[in-house]
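We name chains A, B, ... by the order of the sequence lines, and we start the count at 1 in each one.
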Amino acid sequence: MRRNIPLIITFITGMVLILGYFVTRGPLHTLYESFSDYFAIITVFAFILGGGNLIKVHLRRIANRAKDWRYSMVTMVGFTVTLIVGMFKIGAPGGWGAAVVEPESWLQFIFDGIFTPLAATMFALLAFFVASASYRAFRARTKEATILLVAACIILLGRTPIGGWLTGWLPPELSFLDLPNLANWIMAWPNTAGQRAIMIGIALGVVATSLRIIFGIERNYLGRDE
Amino acid sequence: MNRICLLSMVLLVGLWGLFPDATAGQNATAATSWFDTNRLNTFVLVIVLTGVILWFVAAASSGKTFFIRKIAGLETVEEAVGRATEMGKPILYVPGLNDMDDVQTIASMNLLGHLAKIIANYESTLYVPVRRSLVMSAARETVHQSYLSAGRPDAYQEDSIYYVSDEQFAYTASVDGIILREKPAACFYLGSFYAESLILAETGNSVGAMQIAGTAKPPQLPFFVAACDYTLLGEELFAASAYLSKEPRMLGSLKGQDVGKAVAIVFILIGCALKTLEAATGNEAVSRFSEYALWLFK
């Protein structure tokens, strides 16, 4: 019974959501439109679960002086300070009655002055990682790798002003060999075709996985069977 | 499963009956139809696909076997775990950045279950940092079940599956920190990823970890292909659970999926031919015929 109830819930919910997509009115359609709201409400309560787990894990590491406990200390200080500042609206110009995110509040300063630069720093790492990954990946070891290398060079040059400078002298009859035009053609045709093929496969995979879950064929996500 | 479906249908009809028709007893008024006819073609496709997949599932249940091609990334899962055990280093599993409402995350949880069973048998260490609390709960239940079924309940450590942060780059920074400090021998990135995919993969590469990735987000696939040892491309992520479990009904659903792909290929070829003919001849009859023939995919 412990396994059957979640399976029944899964089946009913799945059927309601599938049928609700095609039904334009009535209780089925209302449920279909409401389910996303229900999920959003549940995830709000899940924040408490996540926050509680965060505190428990890091406090335990600090208490046991486990490996790298100092990083847990930094996490707890950041978590506690942000929580207290936000919850009690400390430093907010409007005081207790102010909005949670007040333009000149301490919480806004934490977000604008600490969180945003840190997030931007992590994002900026991508530029260097793209360079290192490209350097490693684009080697002409095989036929396919050589094609990849040539295509990457064309697009790299074609997307920068140097591409136009290198092939801008070509006559109009040979304009298709202009690097920016070649780059656009590669992105518009072979790349789009490949992406669409992958997306068709993904869509079918999603359908098959969803049906396996709705009909109870796949049950790993349910956990223990006691 | 049949009993459960029947009971569910009864409950569904019963629930429907609880909502009385508000217009009963009033004069007739104009209203929209119950069924959205603009989505009729999608409805037909859903029915056909569902029927095909369920037919193959039933065929597999009756004992029919199907050939499934090898997926390199999945063949090396056990090798990756064995490598981690020999080196005495942990295994990192990142189930993606989305919540349990994303089918990729569900597929990732299914894979985690299979992987956790192998890890339990090899007596290796597993770390699963997650971005969403619901994913943490699901992952803990899944891993615990796997350790139980492997006969190693004592080896299960609840704290190895923990919540990090809901913020994308805060989560990425934390996982990067785990990779650099713990130096896992194997990293699995299976689920839904965004811009952080290359950051994670390159960091894992910098510590010499064997990396197996899989996502159904096409823009992230090239980054994983470039930086990881093995990549599950799109549908392979969804096929992975069936592939690893070798359960006949799940393998049957893979064949049903393949039939869907075959149908798509046929219609793509027909569509290309018809549109080429239409462009070449400008014939109105060809144009009308192609419109009818391709109505299913409009």
Side-chain angles (χ1 to χ4, degrees), chain A residues 4 7-8 11-12 15-16 18 21-28 39 42-43 46-47 49-50 53-54 57 60 67-68 71 115 118-119 122-123 125-126 129-130 132-134 136-137 195 198-202 204-213 215-218 220-225, chain B residues 1 4-5 7-8 11-12 16 19 32-36 39 43 49-50 53 57 99 101 103 106-107 109-110 113 133-134 136-138 141-142 144-145 148 159 162-163 169 172-173 177 181 195 198-199 202 216 218 221 223 226-227 233-235 238-239 241 249-250 253 256-257 260-261 264:
Chain A
N4 287 345
L7 290 174
I8 291 170
F11 180 77
I12 290 176
M15 285 288 110
V16 164
I18 291 173
Y21 180 74
F22 300 103
V23 170
T24 57
R25 59 189 182 102
L28 211 53
F39 185 76
I42 292 168
T43 51
F47 276 123
L49 176 70
N53 177 255
L54 189 86
V57 164
R60 189 181 289 176
K67 189 180 165 201
D68 299 320
Y71 293 117
F115 172 76
L118 286 171
M122 286 301 300
F123 203 177
L125 285 176
L126 262 181
F129 283 139
V130 164
S132 68
S134 305
R136 255 194 359 269
Q195 283 221 9
I198 290 175
M199 280 161 64
I200 290 172
I202 287 169
L204 289 166
V206 168
V207 169
T209 304
S210 305
L211 286 173
R212 284 202 300 267
I213 291 166
F215 287 105
I217 299 169
E218 183 121 46
N220 284 332
Y221 66 96
L222 288 177
R224 275 173 288 176
D225 185 13
Chain B
M1 189 189 91
I4 291 164
C5 286
L7 187 56
S8 306
L11 278 171
L12 198 58
W16 184 290
F19 293 92
T32 56
S33 64
W34 283 91
F35 186 82
D36 186 352
R39 294 175 176 173
F43 185 73
L49 260 175
T50 306
I53 288 171
V57 167
D99 214 330
D101 60 337
V103 71
I106 298 176
M109 288 297 107
N110 291 329
S133 322
L134 289 178
M136 178 187 72
S137 305
E141 279 293 313
T142 302
H144 196 177
Q145 191 216 350
L148 277 171
D159 283 350
Y162 55 96
Y163 169 83
F169 288 109
T172 307
R181 289 191 299 271
L198 188 62
I199 299 175
E202 278 295 293
L221 283 170
F223 298 123
L233 303 175
E235 56 171 349
F238 300 114
S241 180
R249 293 187 306 166
M250 304 227 297
S253 73
Q257 197 178 314
K261 254 184 290 182

What residue in [options] has the most heavy-atom pairs under 4.5 Å with chain A?
options                            : answer
L221(B), V57(B), D99(B)            : D99(B)
A216(B), G256(B), G234(B), A239(B) : A216(B)
G113(B), A173(B), A264(B)          : A173(B)

For [X], is it the side chain, the backbone, both or neither that has a heavy atom under 4.5 Å from a heavy atom of chain A?
X       : answer
I53(B)  : side chain
A195(B) : both
M136(B) : side chain

In terms of heavy-atom proximity below 4.5 Å to chain B, should [X] be classed as side chain, backbone, both, or neither?
X       : result
L204(A) : both
V57(A)  : side chain
Y71(A)  : side chain

Can you tell which of [options] has the highest number of heavy-atom pairs within less than 4.5 Å of chain B?
options                           : result
K67(A), M199(A), Q195(A)          : K67(A)
L54(A), L126(A), I200(A), L118(A) : L126(A)
I42(A), I198(A), D68(A)           : D68(A)

Say you draw a straight line from [atom1] of [X] to [atom2] of [Y]; how long is it, rounded to the nearest 0.5 Å?
X       : Y       : atom1 : atom2 : answer
I213(A) : S241(B) : CD1   : OG    : 8.5 Å
T50(B)  : I18(A)  : OG1   : CD1   : 6.5 Å
F223(B) : S134(A) : CZ    : OG    : 8.5 Å
S132(A) : L198(B) : OG    : CG    : 6.5 Å
L125(A) : E202(B) : CG    : CD    : 11.0 Å
F123(A) : T172(B) : CZ    : OG1   : 10.0 Å

For the student: nearest non-hydrogen atoms of A226(B) and A137(A), plus distance: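 So the two residues come closest at CB-CB, 3.8 Å.
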Between L49(A) and S137(B), what is the shortest heavy-atom contact and its length? CD2-OG, 3.1 Å
Okay, side chain of R212(A), backbone of S253(B): is any donor-acceptor separation there less than 3.5 Å?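 Not confirmed, R212(A) side chain does not pair with S253(B) backbone.
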Sidechain-backbone polar pair: N53(A) side chain, Y162(B) backbone, donor-acceptor under 3.5 Å: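 Such a contact is absent between N53(A) side chain and Y162(B) backbone.
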For a side-chain contact (heavy atoms from CB on, under 4.5 Å) check, start with the C-alpha distance between V207(A) and Q257(B), then their side-chain angles and the critical distance, and finish with the verdict. CA-CA 8 Å; V207(A) 169; Q257(B) 197 178 314; over 6 Å; no
Quick one: are I202(A) and F238(B) in side-chain contact, heavy atoms under 4.5 Å?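 Yes, their side chains come closer than 4.5 Å.
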Does the side chain of L134(B) come within less than 4.5 Å of F39(A)'s, by heavy atoms? yes
